[in-house]
Enquirer: 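Got a structure here, written out as structure tokens. Questions coming.
Every heavy atom of this structure was used, including side-chain atoms; hydrogens, water molecules and symmetry mates were not.
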Number of protein chains: 2
Amino acid sequence: MAKLSDLIEAFIKQLINDTDGTIEIQRNELANQFNCVPSQINYVIDTRFTTERGYYVESRRGGGGHIKIRRVNIEHKGKNFLMHIINSIGDSISQQSAYVFINNFVDYEVISEKEALMLKAATSDKALMAAPVEIRGYIRACILKNMLVSLLV
Amino acid sequence: MAKLSDLIEAFIKQLINDTDGTIEIQRNELANQFNCVPSQINYVIDTRFTTERGYYVESRRGGGGHIKIRRVNIEHKGKNFLMHIINSIGDSISQQSAYVFINNFVDYEVISEKEALMLKAATSDKALMAAPVEIRGYIRACILKNMLVSLLV
DNA sequence: TATTATTAAAGGTCAAAGATAGTCAAAGTA
DNA sequence: TACTTTGACTATCTTTGACCTTTAATAATA
């Protein structure tokens with residue numbers, strides 16, 4: 001028996017293919033279709049629809065809540081480059097390293113000056129001041145990847 | 001009844017667009033149109049048409065009472081407007097509130113869709129996953145302000 | 001007529017109930 | 001060991017309703 005998570009993954013990918021790259025699902029409904037607990041949907045999303053794999057995920061709780069999954073376009077050569085970078089960023093990264101990446105993107109004309117400014121603003125030590133030093137790098141890496149993927153949308 | 005509040009919000013915004021920026025509604029009548037309790041109209045107004053988001057709301061009770069919503073005109077002062085918003089953001093903010101702010105910037109054409117997506121990517125719960133829940137709001141507020149300031153450059 | 005009391009017609013508040021999604025770690029499996 | 005499945009508990013957002021306040025219109029009174 002194929003693993004449930006794989007089936008769910010395939011199902012979601014099919015959905016995305018059937019549309020133009022963006023879908024909106026309801027966690028409970030989907031869990032129901034697959035006869036599994038709702039949190040398994042989170043597991044699938046967390047392990048298969050990551051920024052590293054080129055997906056951008058948003059969600060909302062409460063009445064009318066939903067999970068939105070977008071597959072970004074990585075066909076373009078510049079974009080492909082970004083995808084590689086995203087994959088090469090580890091779980092944690094210093095401000096300095098992040099800035100080096102960002103400056104490189106500008107040099108290679110993958111992003112604009114303005115976008116670079118925004119990226120730096122979001123990943124600076126100053127912006128992350130409220131976070132304990134030990135975890136700043138992790139948060140920064142996550143933010144950086146998320147933003148880069150958003151540029152591919 | 002999914003996303004009723006969103007429908008009401010959209011309806012009101014449409015009304016505002018159709019006029020010159022000021023509308024006058026009757027709470028009960030509107031609630032009737034949407035088949036909801038009157039207080040839901042308050043909920044929508046309280047969460048989506050606040051001062052910080054660029055709306056000015058007045059109301060009057062009693063016979064002939066009404067709610068007047070005015071969209072603040074910021075055409076001549078995009079940067080001042082941003083500055084004002086930055087100052088109105090507290091030390092901590094939820095993802096939802098941040099997104100409402102961001103969506104409003106787009107409405108007001110203070111930022112582009114692409115910039116909005118970057119802002120959302122950087123301030124989402126997903127991006128801040130690595131941070132303890134208790135301090136996420138603080139980090140988010142800081143990032144948001146920093147990024148907005150970067151847009152002023 | 002002018003003033004005051006009453007009533008009806010709005011809108012406001014707040015908290016409980018409902019509807020989703022997220023987290024985390026234990027248990028299961030390959 | 002690494003990945004998957006479960007479920008109890010948590011966080012967030014929306015909907016609903018009971019009760020409160022304000023104001024205009026009207027009736028009653030001096």
Enquirer: Take atom OH of Y138(A) as the centre, draw a 6.0 Å sphere, and report whether it contains more than 12 heavy atoms from other residues, nucleotides or ligands.
Expert: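 No, not enclosed.
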Enquirer: Could you check how far CD1 of I45(B) sits from P of dG12(C), rounded to whole Å?
Expert: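 Between P of dG12(C) and CD1 of I45(B): 7 Å.
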Enquirer: How many Å lie between CG on N28(B) and P on dA8(C), as a whole number?
Expert: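 From N28(B) CG to dA8(C) P: 16 Å.
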Enquirer: Going by ring pair (Phe, Tyr, Trp, His ring centres under 6.0 Å), name the pairs with one or both residues in residues 4-32 of chain A, residues two or more places apart or in two chains.
Expert: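 Qualifying pairs, neighbours excluded: F11(A)-F34(A).
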Enquirer: Check for me whether R71(B) meets the cation-pi criterion with Y56(B), that is, NZ or CZ under 6.0 Å from the six-membered ring centre and within 45 degrees of the ring axis.
Expert: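 Not satisfied by the 6.0 Å and 45° rule.
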Enquirer: Closest approach to the side chain of R48(B), judged atom by atom: which nucleotide of dT14(D), dC3(D), dA21(C) is it?
Expert: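 Out of dT14(D), dC3(D), dA21(C), the nucleotide with an atom closest to R48(B)'s side chain is dT14(D).
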Enquirer: Using a heavy-atom cut-off of under 4.0 Å over every strand shown, decide if G62(B) touches base, sugar-phosphate, or nothing.
Expert: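 Base, at least one base heavy atom under 4.0 Å.
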Enquirer: Could you give all pairs that pass the salt bridge (Lys or Arg N to Asp or Glu O under 4.0 Å) test and reach residues 97-113 of chain A, with sequence neighbours left out?
Expert: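 Output for this query is empty, none listed.
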Enquirer: Identify all pairs in which a protein N or O lies below 3.5 Å from an N or O of nucleotides 7-9 of chain D, and state each distance.
Expert:
residue: dG7(D); atom: N7; partner: S39(A); partner atom: OG; Å: 3.2
residue: dG7(D); atom: O6; partner: S39(A); partner atom: OG; Å: 2.6

Enquirer: Consider the side chain of R27(A), meaning its heavy atoms from C-beta on, and name the nucleotide among dT4(D), dT23(C), dG12(C) that approaches it most closely.
Expert: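 Closest of the options to the side chain of R27(A): dT23(C).
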Enquirer: Any salt bridge between R60(A) and D6(B), counting N to O under 4.0 Å?
Expert: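 A salt bridge links R60(A) with D6(B).
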Enquirer: Check step by step if side-chain hydrogen bond (donor to acceptor under 3.5 Å, both in side chains) holds for N42(B) and R27(B).
Expert: CA-CA 8 Å; N42(B) 291 93; R27(B) 192 179 73 150; 2.6 Å; yes
Enquirer: Does a side-chain N or O from T47(B) land closer than 4.0 Å to OP1 or OP2 of dC13(D), or not?
Expert: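 Looking at the OP1 and OP2 atoms of dC13(D), neither is under 4.0 Å from any side-chain N or O of T47(B).
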Enquirer: Kindly check if the number of other-residue, nucleotide or ligand heavy atoms within 6.0 Å of CG (D18(A)) is above 12?
Expert: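 Correct, the count exceeds 12.
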Enquirer: Start at the 5' end of DNA chain C and walk down; is the nucleotide closest to K126(B) or to G64(B) reached first?
Expert: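 With K126(B) and G64(B) compared, the 5'-side residue is G64(B).
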Enquirer: Select from N42(B) and M129(B) the residue whose nearest nucleotide in DNA chain C is closer to the 5' end of that strand.
Expert: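 On the 5' side of the pair lies N42(B).
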Enquirer: Can you name the atoms? Protein N/O to nucleotides 27-30 of chain C N/O, anything below 3.5 Å, with the distance.
Expert:
none

Enquirer: To the nearest Å, give me how far apart CD (E29(A)) and C1' (dA19(C)) are.
Expert: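 After rounding, the gap between these two atoms is 14 Å.
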Enquirer: Nearest whole Å is fine: how far is dT16(D) P from Y43(B) OH?
Expert: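 Value for this atom pair: 12 Å.
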Enquirer: If you look at every heavy atom in A141(A) and I89(A), which pair is closest and at what distance?
Expert: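 What the structure gives for the nearest pair is CB-CG2, 4.3 Å.
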Enquirer: So, do L151(A) and E115(A) sit near enough that their side-chain heavy atoms are less than 4.5 Å apart?
Expert: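 With C-beta onward as the side chain, the pair touches.
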Enquirer: Could you please spell out the steps behind the side-chain contact (heavy atoms from CB on, under 4.5 Å) verdict for S124(A) and N146(B)?
Expert: CA-CA 9 Å; S124(A) 68; N146(B) 257 273; 4.2 Å; yes
Enquirer: Go through the N and O atoms of the side chain of R60(B) and the base of dT23(D), and report whether any donor-acceptor pair is under 3.5 Å.
Expert: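 No, the side chain and the base share no sub-3.5 Å donor-acceptor pair.
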Enquirer: Treating Q26(A) as the side-chain partner and H66(A) as the backbone partner, does any N or O pair qualify as donor plus acceptor under 3.5 Å?
Expert: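 The answer is no, because no donor-acceptor pair under 3.5 Å joins these two groups.
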Enquirer: Tell whether R61(A) reaches the base of dA11(D) with its side chain through a donor-acceptor pair below 3.5 angstrom.
Expert: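 When only heavy-atom distances are counted, R61(A) does reach the base of dA11(D) through a donor-acceptor pair under 3.5 Å.
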Enquirer: Assign I67(A) to base, sugar-phosphate, or nothing according to its heavy-atom contacts below 4.0 angstrom with the strands shown.
Expert: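 Sugar-phosphate, backbone atoms only, no base.
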Enquirer: Taking only N/O atoms, report every protein-nucleotides 3-7 of chain C pair under 3.5 Å with atom names and distance.
Expert:
none

Enquirer: If I take atom CG in residue D125(B) and atom C1' in nucleotide dT12(D), what distance separates them, rounded to the nearest angstrom?
Expert: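 Checked: the CG to C1' distance equals 9 Å.
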Enquirer: Want to settle it: does G65(B) or V133(B) sit nearer the 5' end of DNA chain D, counting the closest nucleotide to each?
Expert: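 Upstream on the strand: V133(B).
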Enquirer: Given atom CD of Q26(B) and atom C1' of dT23(D), what is their separation to the nearest angstrom?
Expert: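 So the CD-C1' distance, Q26(B) to dT23(D), works out to 14 Å.
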Enquirer: Tell me whether the side-chain N/O atoms of S59(B) come closer than 4.0 Å to OP1 or OP2 in dA10(C).
Expert: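 No, no such contact exists.
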Enquirer: State whether the side chain of K126(B) and the backbone N or O of I143(A) hold a donor-acceptor pair below 3.5 Å, judged by distance alone.
Expert: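 Not confirmed, K126(B) side chain does not pair with I143(A) backbone.
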Enquirer: Judged by each residue's nearest nucleotide on DNA chain D, which is more toward the 5′ side, V44(A) or S97(B)?
Expert: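 Its nucleotide being nearer the 5' end, the pick is V44(A).
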Enquirer: From NZ of K68(A) over to C1' of dG22(C), roughly how many Å is that when rounded to an integer?
Expert: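 Computing the K68(A):NZ to dG22(C):C1' distance gives 19 Å.
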Enquirer: For D46(A) and dA25(C), what is the distance between atoms CG and P respectively, to the nearest whole Å?
Expert: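 Going from D46(A) (CG) to dA25(C) (P), I get 14 Å.
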Enquirer: Quick one: list whatever passes side-chain hydrogen bond (donor to acceptor under 3.5 Å, both in side chains) with N103(B), sequence neighbours left out.
Expert: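 Scan of N103(B) (side-chain hydrogen bond (donor to acceptor under 3.5 Å, both in side chains), adjacent residues dropped) gives K120(B).
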